[in-house]
Amino acid sequence: MEHDRLIFRLKDEFIAATPDVWVPIKRQLAKQIAERLLCELDGLPSPQGRLLAEMRDHVKQNILNQGA
Amino acid sequence: MELDELLKAAADGNIESLQTLYEELRVPVYAVAFAIVGNRAAAEDVLQETFVRIYEKAGSYRPGTHPKAWVTSIARHLAYDALRQRQNHAVFDAEVDRISDPKTNIPALRLELMEALFQLSDIERQIVVMHVIGGLKHREIGVLLGMPAGTVRWKYRKSLAQLARFMGGEEDGARSSYFPVER
């Protein structure tokens, strides 16, 4: 077999065989970026903390309303 | 956009540049991975991991220092890691997976070339793939493999000649199992 033909066939074989994995790559990168951002935020804001803050604000508002 | 520029943009966090880079280099990266691990699924994992790693490490790439060779180096390292893991888990059966394109459905003849490729030594196979599919120069391959460019050139020519023989035809192209010629 001529070398040129062999080279052409090799290229052809690998082009046909190579899978498209762009979507999983993008998904993996998105996950890593999200994890890094969360680390920079020093973890997720605690839902409990947010709830407590809302309750505190609510109570504060009630007190203010009663006092008015 | 040149590969250098794409890598720089990827280093700045540009995913679209990484995607362009992926489209440009996914075939050679897969080919190198497959040449090392000899298994489609494992080569696919290496392909995926290589581009994740490129995105992470693009900042360490020095512009003007052979971007294809840099990417190939990452792919080779990951492929050898994958190979070690497969061997450690005792699932490596040294069997070359069947390669066929379901769309064209021409598996029988397509397999022969891959089988022939795996008759070469590990290094010879990588040299052929890096030069033919990756477009790397013999000098660049020599740097990656730690051997002189002349040796790479010699091994490349010898490997092509061997491949031609393995494919069932004489080197001069008088007969080929893929393009049969009546005698």
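Residue numbers begin at 1 in each chain, while the letters A, B, ... track the order of the sequences. Since this is a predicted model, take the numbers as computed values, not measurements. Atoms considered below: every heavy atom in the structure, side chains included; atoms not considered: hydrogens, waters and symmetry mates.
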Cut-off 4.5 Å, heavy atoms of chain A, and the answer for V128(B) is side chain

Under 4.5 Å heavy-atom distance to chain A, tell me which part of L18(B) shows up: side chain, backbone, both or neither. both

Side-chain touch L136(B)/H66(B), heavy atoms, less than 4.5 angstrom: no

Answer yes or no: is there a side-chain heavy-atom contact under 4.5 Å between I123(B) and M147(B)? yes

Residue selection (most heavy-atom pairs with chain A, distance under 4.5 Å) from H131(B), E49(B), E56(B), Q48(B): Q48(B)

Using a cut-off of 6.0 Å, state whether more than 12 heavy atoms not belonging to K158(B) lie near its atom NZ. yes

For F166(B) and F118(B), I'd like to know if the aromatic rings sit close, meaning centre-to-centre distance below 6.0 Å. no

